[in-house]
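A quick write-up on the structure given underneath.
Residue numbers start from 1 in every chain, and the chains themselves are labelled A, B, ... in the order their sequence lines are given, proteins ahead of strands.
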Number of protein chains: 2
Amino acid sequence: MAKNHPTLALDIGGTWIRAATVTHDGQLLGAHKQATPTSGSPSEILRLCAQLADEARTASPVPPYGLGVSTTGPVNPRTGILYDPPNTPAGFSGLPLGPYLREQLGLTVAVDRDVNAAALAEQRFGAARGHTDFVYLTISTGIGAAVIADGELLRGTDGAAGELGHVVVAPDGPMCDCGRRGCLEAVASGPAIGRAADRHALANPGSGLALLRDSLGGTPLRGHHVGAAALNGDPDACEILAAAGAAVVSSVVDIVNVFNPQRVVLGGSVAMGEPCWIAQANAAVRQSALQPGSETARVVATELGDNGGLLGAALLLDQLA
Amino acid sequence: MAKNHPTLALDIGGTWIRAATVTHDGQLLGAHKQATPTSGSPSEILRLCAQLADEARTASPVPPYGLGVSTTGPVNPRTGILYDPPNTPAGFSGLPLGPYLREQLGLTVAVDRDVNAAALAEQRFGAARGHTDFVYLTISTGIGAAVIADGELLRGTDGAAGELGHVVVAPDGPMCDCGRRGCLEAVASGPAIGRAADRHALANPGSGLALLRDSLGGTPLRGHHVGAAALNGDPDACEILAAAGAAVVSSVVDIVNVFNPQRVVLGGSVAMGEPCWIAQANAAVRQSALQPGSETARVVATELGDNGGLLGAALLLDQLA
């Protein structure tokens, strides 16, 4: 975000594509969104992205400095070309997202993973303000992470580092979409929690979860069903959520041992629905992480929530230097 | 290592304290060592370190530029003061190693963990030559690691990052010295392999491992006993080593997903004794890590072996800038 100039921001998620102008102090102007076309062709998605960004530019009070794009799934931040993403609409692989938008809009364009953008936003405007070493962990439909180490994004040699959701936490656990067994994502993401409840319902006819599943016409349970059932006191739902929480908490201790961060910021719809995980993770870090990181690290909740990716997209242009 | 000046290097391990002069092209001059005093007081260890470094200085052909010190266990590289280490002789905690040697020798002194030093040495002289993104993983009495990301050591806010041996890989596995259950170190370090064989021997009287244990007068089995038994074809020893190897291989895939490195360098006596782990890890990375890191990363063996810490100590002075 050059000087005090506003920047265009685009956030391409699995559900929504959002656009806005972001001011230097983190205000979103003229934010609007459209549903991500799940059956659309890659070129349709590109056109929609360009259209939303152009609408945001037209609505901007002053000419924006450039366009930052945060996108779900992996991308090469140096080229703006997408890699094969496991959890996004089909057809994204190899898509020249950055080059296309640059040509269409005639603006400087920076593209990065949504988690990297969200981490930058938490650092500038949110729960990691002023920190140089922290990890942003989002637990939602997938589990992703971004690492800021000594003030810089940990990118790896292809710009694909930070996949903490694809670390095995339960070698005998459920299969993960990535092909391994027991990744954190296969144990504690929303869909994973839903599948665990489904398995329990099918194995225990007559249980609360089985009755819930029947009441939904036998469609598979989803993470938010389990959260609601737990709130209503269903013991099996509570146990399934507790198991997911234990995996998240243990992973946070791992993160403290590996990265020795000042903060671990938890975000994503699943984590935001289970605020007790924050307290549990802090207690576990204090008790079980190695010194001196165990004393230093604090686990905190996202302050920006769903706006992190969009706000952070605007900060990606600073990363081009 | 300023220009072409040689540098003094000291490597404080659990078994030996070694000292040498290191030339700019990675030659060790006048290397000598003494056993680490296991029952010695902290001040005795400090005096021995100063004495060995001073002997190396006296033997150096030209006045050395400064002293680099690599030490087992955690240390604050900014202060040169040791943290509480789980696997080293008692009495190291809080020891002002760097300040003491600086005062005694009148030289610039840099101190860091042995794994950080070894990683720098592999980058300059060994298996990671020319690489900016790699992970050095050592599997020995303990399991430690150092991460070089975008050309820089990943340090964390207290200089304690990189403890990949204390990531849980088997939630129901054996207790680790750090207090958690199933850390990689508790599953695949030399002592962990020995304890697994011991448990097997005690549970299976008459087995090859039980007879081996009896032949040792009933003393606990150690990692190298298991390696030797496996070489002799003992099926239980082979199985125990294979389980440790599977954990290491899975951790290497995790490492590729998290760090997206160009290289993973495996070192340490246990890994050096099981060269097949390298091929297995490469196959697993290719098959199971996320794209594009799965195509990029290569798993390789240390080229410097036991000399990595000592050679790398000399490179620590470059890190002071």
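Only the backbone of B:Pro261 comes within contact range of chain A, with at least one heavy atom under 4.5 Å from a heavy atom of that chain. Only the side chain of B:Arg180 comes within less than 4.5 Å of a heavy atom of chain A; its backbone N, CA, C and O stay farther away.
Your options are B:Gly293, B:Gly179, B:Ser288, B:Ala149, and the one with the most heavy-atom pairs under 4.5 Å with chain A is B:Ser288. Comparing A:Asp172, A:Leu164, A:Thr296 by heavy-atom pairs within less than 4.5 Å of chain B, the highest count is held by A:Thr296. For the set B:Val167, B:Val168, B:Asp158, the entry with the most heavy-atom pairs within less than 4.5 Å of chain A is B:Asp158.
Residues A:Leu290 and B:Cys178 approach most closely at CD2-CB, 3.8 Å, considering heavy atoms. Taking both residues in full, the closest heavy atoms of A:Gln262 and B:Thr157 are given as CG-OG1, 3.4 Å, listed atom of the first, atom of the second, then distance.
Separation of atoms CG (B:Leu153) and CG (A:Asp150) is listed at 10.5 Å; rounding is to 0.5 Å.
A search for side chain to side chain contact (heavy atoms under 4.5 Å, CB included) contacts involving B:Glu303 returns B:Glu122, B:Ala127, B:Arg129, not counting sequence neighbours.
The interface of residues 245-259 of chain A with chain B, defined by heavy-atom distances below 4.5 Å, comprises A:Ser250, A:Val253, A:Asp254, A:Asn257, A:Val258, A:Phe259.
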